[in-house]
Every structure is written in structure tokens, then in C-alpha cells.
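Bear in mind the structure is a predicted one, so any value in this text is a computation, not a measurement. Atoms within each ligand, like the ligands themselves, are counted from 1 in listed order.
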Amino acid sequence: YNEETVARAADSGANASARFRERMAAQSAGGVVDTERVNHLASRAVKALNDLVLEERVSYEEYNAFKAWLIRVGEDGEWPLFLDVWLEHSVEEVANEHREGSKGTIEGPYYLEDSPEVPWNGTIPMREDEPGTPFTFTGQVRAVDGSPLPGAKLELWHADDLGFYSQFAPGLPEWNLRATWTANEDGRFEIHTVRPAPYQIPTDGACGQLIEAAGWHAWRPAHMHFKVHAPGHHKLTAQLYFPGDPHNEDDIASAVKPELMLDPQPNPDGEGEITHYDFVLDPE
Ligand code: MBD
Ligand code: FE
């Protein structure tokens with residue numbers, strides 16, 4: 001890819017922050033503040049940081065470096081990235097503790113609502129010369145009692161073969177590699193797309209600065225994001241992964257689970273690879 005299409009942290013961060021703000025604004029029903037709960041959580045958070053300073057004997061030099069870095073996270077618009085990479089997995093663990101159906105995992109910073117609708121066996125919007133291995137994905141959406149859920153909606157978004165997400169990296173068509181399928185009368189779907197590449201979070205912003213300073217790495221294994229929903233059922237947010245990816249064991253976002261592994265095989269009926277995965281939704 002050339003200079004013009006180079007993704008910059010400040011751009012993807014600003015987009016992620018703006019999109020998040022829009023979604024929150026659309027949802028806000030003027031929620032009542034639970035003073036007790038805020039007091040409890042905020043006090044514990046402040047205490048945890050104070051304990052850290054005291055236990056680790058943090059210096060003014062370290063304190064000021066931390067302050068400068070926090071300011072930069074905001075300037076780079078990387079609060080969504082930072083929080084989704086290093087905190088969301090615990091929130092997801094709490095939220096889905098009692099799920100009976102398929103495992104979920106984190107949403108991450110790059111979800112967009114209202115992606116283009118395609119039929120139950122449709123192809124994802126992609127460029128004419130979209131790089132990457134053609135990938136067919138079949139499956140069924142079911143309830144926990146095993147009954148199929150006809151008309152279930154399945155949203156998919158994933159990075160391209162260079163690890164870029166449309167609307168967060170420049171130079172990509174608006175809805176590239178994002179779509180919504182409607183399952184057929186048997187709850188089945190058949191997705192046609194290309195295999196995503198491993199994803200490196202932006203290295204030129206505040207998160208990248210932290211990763212470099214701490215000697216960490218910036219990689220997530222290749223993954224496909226899903227939201228699956230049907231009337232009367234809890235919406236499932238998940239990601240699916242590919243066996244053998246070097247970062248399945250050390251995902252920077254701690255979002256890989258053994259139940260979320262695909263098993264792609266050469267497609268006997270066409271180009272590229274084919275895989276199968278069923279989604280089971282919990283009743284509301
Ligand atoms: C991603 O693509 C992602 O899925 C997460 C969780 C964080 C950063 C980038
Ligand atoms: Fe992702």
C-alpha cells in the first residue's frame with residue numbers, strides 16, 4: 001500500500017472516539033446516576049492507584065510521564081482502543097458469566113451499526129480485487145433447546161488482508177468487509193468473504209508508545225467479529241479465530257477462547273477455504 005493509504009493512529013482513534021460518542025448519544029435515555037455505586041467504584045479505583053504508587057514507590061518522574069501519557073491518549077483519540085484492548089475482556093467476562101449458549105468475547109473499537117443487508121447466502125461488500133484467500137463460512141443460528149432461529153440477524157465485520165478496517169483506515173470503500181445477513185427459514189447462513197489478516201493495533205499513537213516502552217507487542221490474531229441476534233434472545237457479540245495463528249496464545253486484547261476457534265478446510269466446491277460454525281443464543 002502507498003503513502004496516501006497509510007493508517008495513522010490519530011485518524012483511526014478520532015474515528016473510533018466519534019463513533020462511540022454518537023452511539024452513546026443515540027442510546028442515552030437520561031440514565032439516573034446511582035451515587036452509591038459511583039462512590040463505591042470511584043473510591044476503589046482511586047485507592048487501587050494510590051496503593052500502586054505507595055507499594056511500588058512511584059517517583060515524580062514516573063508520575064509526570066504517566067500524566068503526559070494520559071493526556072496523549074485523549075489527544076490521539078485512543079481511549080476506545082486502550083479500554084477495549086486492556087479492560088473490555090473483564091467486563092465481557094462479568095456480562096456473559098451465566099451464558100448457556102455460544103461463548104462471546106469483546107466487541108472492540110471498530111463495530112459500526114447498520115451495515116448493508118445481504119441475503120442468507122450473500123457476499124460481503126468488497127473491492128473487485130480484494131486481496132486475500134476466498135473464505136466461505138456456513139452455519140446455523142439456534143436457541144439453547146436446539147431449535148433453529150429463522151430470520152436471525154448476523155452482523156460480520158473484519159479487517160482486510162493488510163489488517164485494516166473500513167471507516168477507520170483511509171482509502172477503503174465505506175462498507176468494505178462489513179455486512180448483515182438474515183438467516184434462512186432453517187436458521188442457516190452462508191457467508192462469502194476473504195480471510196482476514198492478523199491485526200496490529202496502531203503503533204504510532206499513545207497505545208503504541210506504551211507497548212514500545214513496556215517491551216510488549218501490538219498484535220491480535222486474525223479474527224472475524226460477529227453480532228448475532230434474534231427476537232426474544234440475548235444478542236451475542238463474538239469473535240472467531242484461526243488455528244495456528246502465532247498470536248492466539250498472546251492476544252494483546254486477551255479475547256481468545258478455545259471455543260472460538262474455526263476449523264477452515266480447502267473448499268471442495270470452489271476457491272479458497274470453507275468453515276462451519278453454529279451460534280447458540282440464550283433466551284431473554
Ligand atoms: C481490533 O481489531 C480489535 O478487535 C480489538 C479488540 C482491539 C483493537 C483492534
Ligand atoms: Fe478487530
Can you tell which part of Pro109 has a heavy atom less than 4.0 Å from ligand 1: side chain, backbone, both or neither?
->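 Near ligand 1, Pro109 shows its side chain, while the N, CA, C and O stay back.
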For ligand 1, indicate whether the residue His225 contacts it via side chain, backbone, both or neither (heavy-atom separation under 4.0 Å).
-> side chain
At less than 4.0 angstrom from any non-hydrogen atom of [X], what atoms of ligand 1 do you find?
{"X": "Tyr199", "result": "1 (C), 2 (O), 8 (C), 9 (C)"}
{"X": "Leu81", "result": "8 (C)"}
{"X": "Tyr165", "result": "2 (O)"}
{"X": "Gly108", "result": "6 (C)"}

So, do His217 and His247 have ring centers that fall under 6.0 Å from each other?
-> yes
How about Tyr277 and Phe189: are their ring centres within less than 6.0 Å of each other?
->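 Ring-ring flag for Tyr277/Phe189: false, centres at least 6.0 Å apart.
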May I ask you to decide whether Glu117 forms a salt bridge with Lys153, counting only side-chain N to carboxylate O separations under 4.0 Å?
-> yes
Verify the distance criterion only: is there a donor paired with an acceptor across the side chains of [X] and [Y] at less than 3.5 Å?
{"X": "Asp263", "Y": "Gln265", "answer": "yes"}
{"X": "Tyr60", "Y": "Glu62", "answer": "no"}
{"X": "Tyr165", "Y": "Tyr111", "answer": "no"}
{"X": "Thr105", "Y": "His89", "answer": "no"}
{"X": "Arg19", "Y": "Gln167", "answer": "yes"}

Atoms of the protein (N/O/S only) found under 2.8 Å from the Fe ion (ligand 2) =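 Counting only protein N, O or S atoms under 2.8 Å from the Fe ion (ligand 2), the list reads Tyr165 OH, His223 NE2, His225 NE2.
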Determine whether more than 12 heavy atoms belonging to other residues, nucleotides or ligands lie under 6.0 Å from atom CD of Glu212.
-> no
Exceeds 12 heavy-atom contacts within 6.0 angstrom, atom CD of Glu22 = yes
What protein heavy atom is closest to atom 3 (C) of ligand 1, reported as residue, atom name and distance in Å?
->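 In this structure, atom 3 (C) of ligand 1 has Arg220 NH1, 3.5 Å as its nearest protein heavy atom.
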For atom 6 (C) of ligand 1, closest protein heavy-atom neighbour |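 I find the closest protein heavy atom is Ile106 CD1, 3.3 Å.
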Report yes if His223 has an N/O atom closer than 3.5 Å to an N/O atom of ligand 1; otherwise report no.
->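 Checking ligand 1 against His223, an N or O pair does fall under 3.5 Å apart.
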Does Glu107 come within less than 4.0 Å of ligand 1, judged by its heavy atoms?
-> no
Among Trp157, Tyr110, Tyr241, ring pair (Phe, Tyr, Trp, His ring centres under 6.0 Å) partner for His225 | Trp157
